[in-house]
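Please read the structure below before turning to the comments.
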There are 4 protein chains.
Amino acid sequence: MDFQNKKSIYLQIADFVCEQILLKKWVEKTKIPSVRELAISLEVNPNTVMRTYSFLEDKKIIATQRGIGYFVTDDAYQQVINLKKSEFLSVGLPQLFRSMDLLHIDFNHIKKLYNERIKHEN
Amino acid sequence: MDFQNKKSIYLQIADFVCEQILLKKWVEKTKIPSVRELAISLEVNPNTVMRTYSFLEDKKIIATQRGIGYFVTDDAYQQVINLKKSEFLSVGLPQLFRSMDLLHIDFNHIKKLYNERIKHEN
Amino acid sequence: MDFQNKKSIYLQIADFVCEQILLKKWVEKTKIPSVRELAISLEVNPNTVMRTYSFLEDKKIIATQRGIGYFVTDDAYQQVINLKKSEFLSVGLPQLFRSMDLLHIDFNHIKKLYNERIKHEN
Amino acid sequence: MDFQNKKSIYLQIADFVCEQILLKKWVEKTKIPSVRELAISLEVNPNTVMRTYSFLEDKKIIATQRGIGYFVTDDAYQQVINLKKSEFLSVGLPQLFRSMDLLHIDFNHIKKLYNERIKHEN
DNA sequence: GTGGTCTAGACCACC
DNA sequence: GTGGTCTAGACCACA
């Protein structure tokens, strides 16, 4: 995993964790990597991972058990969906619509790009 | 005009200027407000507007004439289009597609929201 | 019994033991559950119960007899009272008074809540 | 200001800030000391103050303005009241009632201590 | 071993 | 000058 420069690392790690949950790679009630483990595997400072975990705990996506570790909460999947959806609706979509208006792009064009993307990835 | 706190102010002002140009409110070869004027009307530190103008000058959207002021360049309209388009293609679209995949949103849903938006704005 | 996450588990278990003594469920000179037994029934690591017992032994509330187990001391009841009372006077009360001052709550209000509590618990 | 050892420093600083607001020493819409300033005057690391401010920002008690500083929010007073009140109701009161029950203390006794406290402080 | 807090010092973007 | 992020390293309580 390598980090972009525009978004803070701890939030990129949060995105990463959320993605694991959405993809069902990390499932409800199970333990996730310890702060130190994840820090080593991502080659960042433990404090940075700690910050990510605190952020996600605040969002009720993970929970801590003293001296044991962090766990995926019971309704983490739904919480992640809610979080990402509200972000998308309040930030992503307005930006999209504004760009479409200013640049005179219509849906068909975007659809075409969407299909092309699939080819590119293969 | 009020500013969001997530994006830097000077870039929000840059967006504002670009929008004036795209909407043909500020047209090619004409003088735009001085740094001090715009700063006052936006209730912002002049340094911030200065930074906006430097940024836009670097993008060849505006140009300075010593002792006179800033002017919209001859091909500003096209430059803005290029700038916004490349931003959209490199940042906006990938983000959009990623959100759609993770949240299982399809084009029809977005289309519906697009139409609903028009109502909301009225 | 389920644990809150804000207070350390071993102290929550200590509270539990003290409560048994105050309620005369565990009486003087009798044997209390072994570390292992209590750990199993509370679904907790034996080390944690061990820490609780050491803590209470230090407070002269329980005592160990080598190879036999832990026993409630002769004056455990009084020791618990003393412990809780000093905690209450040095921590609980000052906090209470400070909250009352800052939040402008008076005794009548608290008294009302006290009476309401009885209803809630039924 | 000197810190107790039982509660984390950044939360004690948060309490301090809340107290300033409740006492109307820091009022709505005004700037509060910068992270560095407060860090120096409290003799702690700037990161610690930063943590306090982030915590309070999350609680909508203070807000940040880029490159300028932190400000008391419009309804900070009410937010602090809400925060402290919910803490008191969910933590302080149950503890109080439990102590009263276990130690067989009644309201008159507490009232007496409350009045004595006033003498002590003079 | 785990999380959690704190310090020291650095660097960045921004106003 | 301001906030914000990150690193490095230390220490603590806890399970």
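Proteins come first, then strands; the chains are lettered A, B, ... in the order of their sequence lines, and each starts at number 1.
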| query | Can a side chain N or O of A:Thr48 be found less than 4.0 Å away from OP1 or OP2 on F:dT7? | reply | yes
| request: Specify the residue among D:Glu57 and C:Leu11 whose closest nucleotide of DNA chain F lies further upstream toward the 5′ end. | output: D:Glu57
| request: Using whole Å, report how far CG of D:Leu42 lies from P of E:dC6. | output: 13 Å
Which donor-acceptor pairs under 3.5 Å do side chains of residues 35-42 of chain B form with protein atoms, sequence neighbours excluded?
residue	atom	partner	partner atom	Å
B:Glu37	OE1	B:Ser34	N	3.3
B:Ser41	OG	B:Leu38	O	3.2

| query | What is the nucleic acid contact for D:Gln12, judged by heavy atoms within less than 4.0 Å: base, sugar-phosphate only, or nothing? | reply | nothing
| request: Tell me which nucleotide among E:dC6, E:dC15, F:dC14 gets nearest to the side chain of A:Asn47. | output: E:dC6
| Spacing of D:Asn45 atom CG relative to F:dA10 atom P, expressed in whole Å | 16 Å
| remark: d(B:Leu22 CG, A:Leu103 CG) to nearest 0.5 Å is 7.0 Å
| request: Could you work out which one of F:dT5, F:dA8, E:dG3 sits closest to the side chain of A:Ser8? | output: F:dT5
| task | Select from D:Pro33 and A:Val44 the residue whose nearest nucleotide in DNA chain F is closer to the 5' end of that strand. | result | D:Pro33
| query | Does D:Arg51 place a side-chain N or O at less than 4.0 Å from the phosphate oxygens OP1/OP2 of E:dT5? | reply | yes
| Checking side-chain contact (heavy atoms from CB on, under 4.5 Å) for the pair C:Asp15/C:Lys7: CA distance, chi angles, key distance, verdict? | CA-CA 11 Å; C:Asp15 285 341; C:Lys7 197 173 184 177; 2.9 Å; yes
| query | Is a side-chain donor or acceptor of B:Gln12 paired with a backbone partner of B:Gln4 at a separation under 3.5 angstrom? | reply | yes
| request: Take A:Phe55 and A:Leu11 through the test side-chain contact (heavy atoms from CB on, under 4.5 Å) and record every step on the way to the result. | output: CA-CA 9 Å; A:Phe55 172 77; A:Leu11 286 180; 4.0 Å; yes
| Atom-to-atom span, CG of D:Leu56 to P of F:dG3 - whole angstrom | 14 Å
| Contact under 4.0 Å: A:Arg36 side-chain N or O vs E:dG1 OP1/OP2 | no
| query | What integer distance in Å separates A:Met50:CE from F:dT7:C1'? | reply | 16 Å
| For C:Tyr10, does its backbone N or O pair with a side-chain atom of C:Thr48 as donor and acceptor, under 3.5 Å? | no
| Closer than 4.0 Å, any side-chain N/O of A:Tyr70 to the OP1 or OP2 of E:dG3? | no
| Looking across every strand, which nucleic acid part, if any, lies under 4.0 Å from A:Tyr53 by heavy atom: base, sugar-phosphate, or nothing? | nothing
| query | Is there a donor-acceptor pair closer than 3.5 Å between any side-chain N or O of C:Gln65 and the backbone N or O of C:Phe71? | reply | no
| query | Rounded to whole angstrom units, what separation is found between the CD1 atom of A:Ile13 and the P atom of F:dT5? | reply | 13 Å
| message | I need the CG-P distance between A:Leu38 and E:dT2, as an integer number of Å. | response | 12 Å
| task | Compare side-chain N and O positions of C:Tyr10 against OP1 and OP2 of F:dA15 and report whether any pair is under 4.0 Å apart. | result | no
| task | Quick one: do B:Lys6 and A:Val91 satisfy side-chain contact (heavy atoms from CB on, under 4.5 Å)? Show the steps, please. | result | CA-CA 11 Å; B:Lys6 305 212 171 179; A:Val91 180; 5.8 Å; no
| field | Nucleotide E:dA13, atom P - distance to CD1 of D:Ile68 in whole Å | value | 19 Å
| query | How many Å lie between CD1 on A:Ile32 and C1' on E:dT2, as a whole number? | reply | 13 Å
| task | Ignoring backbone atoms, test whether A:Thr64 places a side-chain nitrogen or oxygen under 4.0 Å from the OP1 or OP2 oxygen of E:dG4. | result | yes
| note | Parsed dot-bracket for DNA chain F after applying the Watson-Crick and G-U rules with both distances under 3.5 Å and | for other-strand partners is ||||||||||||||.
| Among the nucleotides F:dC14, E:dA8, E:dT2, which one has an atom lying closest to any side-chain atom of A:Ser34? | E:dT2
| note | Ranking D:Lys7 and B:Ile9 by the position along DNA chain E of their nearest nucleotide, the one closer to 5' is D:Lys7
